[in-house]
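Numbers for residues simply follow the sequence, beginning at 1. Indexing begins at 1, ligand by ligand and atom by atom, following the structure's order.
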Amino acid sequence: MSEDPQRRPMFTFDPAMTELIFDYCRARLEEYPVVLDFGGVDPQLEEALDGLLTREGREPSEILDRFTNQIAKAVISVDSPRFLSFIPAAPTKAALLFDMIVSASSLNGTSWLEAAGAIAAENQVLHFLSNAAGLPQSAGGCFVSGGSIGNLSALVVARDRARRNSPELGSQRLRFAVSEEAHSSIASALHVIDVDAFIVPTDDHRMTLATLQTALEADQHPETIVAVVATGGTTNAGIVDDLEGIGSFARERGLWFHVDAAYGGAGMLSTKRGELFQGLRHVDSFIVDPHKWLFAPFDCAALLYRNPEEAAKTHTQHASYLDIIHSDTGEWNPTDYAIHLTRRARGLAIWFSLCVYGIDAYVEAIDQAIIIAEDAAAAITATAHTELVREPGLSVVLFRRIGWSDEDYATWSTDLLKDQVAFVTPTKWEGETVARFAFLHPETSPEMVSEILATMA
Ligand SMILES: *Cc1c(COP(=O)(O)O)cnc(C)c1O
């Protein structure tokens with residue numbers, strides 16, 4: 001192959017480009033406090049990208065320059081302690097750094113044959129999480145890209161097991177019991193697996209044993225309801241369903257019990273809210289997103305099964321070229337437990353970070369989000385023009401500015417970001433537009449909260 005001498009070699013170490021990228025990473029890791037920046041509709045973006053993609057390639061410094069000054073500027077920093085919308089992120093420095101190793105080493109965590117070392121380290125974290133949940137030693141699973149794919153992967157296993165174990169149901173449609181507060185990804189998963197939602201009405205937005213039993217008793221064909229999906233911390237309000245009551249009932253009845261704890265699952269480690277998660281010991285499957293309240297970089301969700309062999313029945317991919325990965329009895333192939341084959345060893349970032357800082361530091365950081373939520377609730381109550389909509393659930397606080405219209409909230413939210421004070425977006429609660437704080441970053445301070453509340457005067 002003749003090489004164009006003008007062309008930059010693609011697979012040879014390039015010291016100058018390496019310095020450029022490492023310098024960027026170093027500066028971003030050093031940024032303190034992290035600047036919020038702006039996302040959204042920037043009319044300059046097309047211009048920023050114009051002319052970058054060419055046949056001949058361009059200088060890395062030119063591309064990086066556009067990235068630094070225009071492209072990255074049009075992204076809100078989720079890891080700013082002033083980011084209080086949706087679910088924020090607060091990756092630890094150790095986790096961010098180690099994720100660079102995962103990238104630089106091109107770690108593919110598909111099979112034991114290829115990557116036993118990486119998978120064993122990831123499993124150390126998965127076992128820590130499943131022990132904390134109270135599952136037996138035989139529990140296991142894998143890391144996937146997010147809660148949505150985790151929920152989908154678990155629920156298709158639940159469906160397949162029901163079809164296997166209940167042949168008498170024939171071609172009848174299956175239903176899974178869910179509360180109306182379930183995350184949108186549950187509806188999406190049920191749609192994909194062609195199962196209907198059996199909506200359990202709740203009093204005060206929390207599914208309990210009583211609400212589930214009442215709903216089942218009123219139904220004509222409860223035998224077609226084969227699974228219960230509970231939420232371990234609703235995204236909108238932080239409400240944890242009655243996991244103990246629902247879970248023990250589901251197990252007694254032989255219903256698959258799945259808990260979506262994508263956001264709230266870290267609460268099981270909290271010294272303040274741990275008891276709300278004791279019912280996790282009953283699950284057949286659950287998910288928790290380390291990229292949320294377990295301080296890992298995107299994208300990382302942990303998916304765990306009580307009996308991983310049930311999951312393997314659904315998820316193991318069979319292909320001539322893959323047979324060899326299924327030949328060793330001691331193997332653990334993450335591909336067998338979710339809808340994926342090739343996967344980044346994304347669990348290594350949290351593995352390194354947990355090992356470096358230790359479990360106690362995590363517990364403290366998780367508790368801190370609950371403390372700031374409690375402080376904020378007190379400040380809201382003490383401020384004349386604001387009031388709580390309800391007591392905070394985990395680290396989410398819903399509150400109202402007395403007398404405000406939908407438009408007032410929208411304008412206020414836009415101005416807060418414009419002034420770089422905070423990113424706080426309104427939500428709906430029982431049909432009413434209200435303000436919402438989602439705390440997560442341990443460095444969000446009471447002063448920041450006061451500063452935000454003052455803007456509502
Ligand atoms: C965030 C969240 C999800 C979705 O997780 P992704 O990682 O965004 O796919 C699902 N369920 C709950 C309760 C969540 O908070």
Side-chain angles (χ1 to χ4, degrees), residues 76 78-79 83-91 95 99 129 133 141-156 158 176 178-193 197 200 202 205-207 227-243 246 257-268 273 276-277 279-280 283 285-304 338-340 343-344 346-347 349-350 366 369 373 392-398 425 427-428 436-441:
I76 304 180
V78 189
D79 55 336
F83 187 112
L84 305 175
S85 289
F86 317 119
I87 299 291
D99 223 30
L129 294 172
C142 61
F143 286 101
V144 295
S145 60
S148 305
I149 202 76
N151 282 329
L152 175 61
S153 296
L155 295 184
V156 70
F176 287 5
V178 302
S179 96
E180 55 228 329
E181 300 295 323
H183 188 263
S184 48
S185 62
I186 299 293
S188 155
L190 295 183
H191 173 66
V192 174
I193 66 176
V200 177
T202 57
H205 310 272
R206 181 172 184 253
M207 184 157 62
V228 184
V229 180
T231 308
T234 60
T235 320
N236 201 27
I239 297 166
V240 182
D241 286 338
D242 171 18
L243 304 182
I246 300 167
F257 181 45
H258 175 75
V259 175
D260 174 2
Y263 147 60
M268 71 182 167
R273 299 288 181 271
L276 294 175
F277 293 90
L280 278 178
V283 298
S285 56
F286 83 99
I287 60 151
V288 53
D289 278 2
H291 67 213
K292 289 178 175 170
W293 203 3
L294 283 168
F295 315 114
F298 302 121
D299 48 5
C300 186
L303 163 61
L304 283 151
I339 301 163
H340 57 197
R343 59 178 289 280
R344 219 175 153 257
R346 55 170 65 83
I350 181 177
I366 292 163
L394 299 176
S395 64
V396 180
V397 185
L398 298 181
T425 45
T427 187
K428 288 266 187 208
R436 172 177 176 275
F437 287 146
F439 294 108
L440 196 149
H441 202 302

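- Taking the six-membered ring for Trp and thresholds of 30 and 60 degrees, H291 and F298 have ring planes more than 60 degrees apart, a perpendicular arrangement.
- The contact set between ligand 1 and G146, taken as ligand atoms under 4.0 Å from a residue heavy atom, comprises 7 (O), 9 (O).
- Counting protein heavy atoms only, atom 11 (N) of ligand 1 is closest to D260 OD2, 2.6 Å.
- Listed by chain and residue number, nothing satisfies the side chain to side chain donor-acceptor pair (under 3.5 Å) test with S148 (two or more places apart in sequence, or in another chain).
- Taking every heavy atom of D289 and a limit of under 4.0 angstrom, the matching atoms of ligand 1 come to 5 (O), 6 (P), 7 (O).
- Between G150 and I287 the shortest heavy-atom distance is C-CG2, 3.7 Å.
- From the protein, the heavy atom lying nearest to atom 15 (O) of ligand 1 is T235 OG1, 2.8 Å.
- Within the model, atoms OG of S179 and CD1 of I246 stand 8.0 Å from one another, a figure rounded to the nearest 0.5 Å.
- Listed by number with element, the atoms of ligand 1 under 4.0 angstrom from any heavy atom of A262 are 2 (C), 3 (C), 10 (C), 11 (N), 12 (C), 14 (C).
- With hydrogens and angles ignored, the 3.5 Å screen pairs no side-chain donor or acceptor of D289 with any backbone N or O of A296.
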**side chain to side chain contact (heavy atoms under 4.5 Å, CB included) assessment of I366 paired with L294** = CA-CA 8 Å; I366 292 163; L294 283 168; 4.0 Å; yes

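- The main-chain N or O of M207 is never found under 3.5 Å from a side-chain atom of T202 such that the two would form a donor-acceptor pair.
- Put simply, part of S185 is less than 4.0 Å from ligand 1, judged by heavy atoms.
- If you number the atoms of ligand 1 from 1 as listed, the ones under 4.0 Å from a heavy atom of S148 come out as 4 (C), 5 (O), 6 (P), 9 (O).
- Contact annotation: the side chain of H205 never approaches that of T234 to less than 4.5 Å [non-hydrogen atoms, C-beta and beyond].
- The protein non-hydrogen atom at the shortest distance from atom 6 (P) of ligand 1 is G147 N, 3.2 Å.
- Ranking the protein heavy atoms by distance from atom 10 (C) of ligand 1 puts H183 ND1, 3.2 Å first.
- Short contacts between ligand 1 and Y263, defined as distances under 4.0 Å to a heavy atom of the residue, involve ligand atoms 15 (O).
- Ligand 1 has no atom lying under 4.0 Å from any heavy atom of I87.
- Distance from atom 1 (C) of ligand 1 to its nearest protein heavy atom, with residue and atom name: K292 NZ, 1.3 Å.
- Atom numbering of ligand 1 starts at 1 in the shown order; those under 4.0 Å from a heavy atom of H291 are 7 (O).
- Rounding to the nearest 0.5 Å places NE2 of H191 at 14.5 Å from CD1 of I186.
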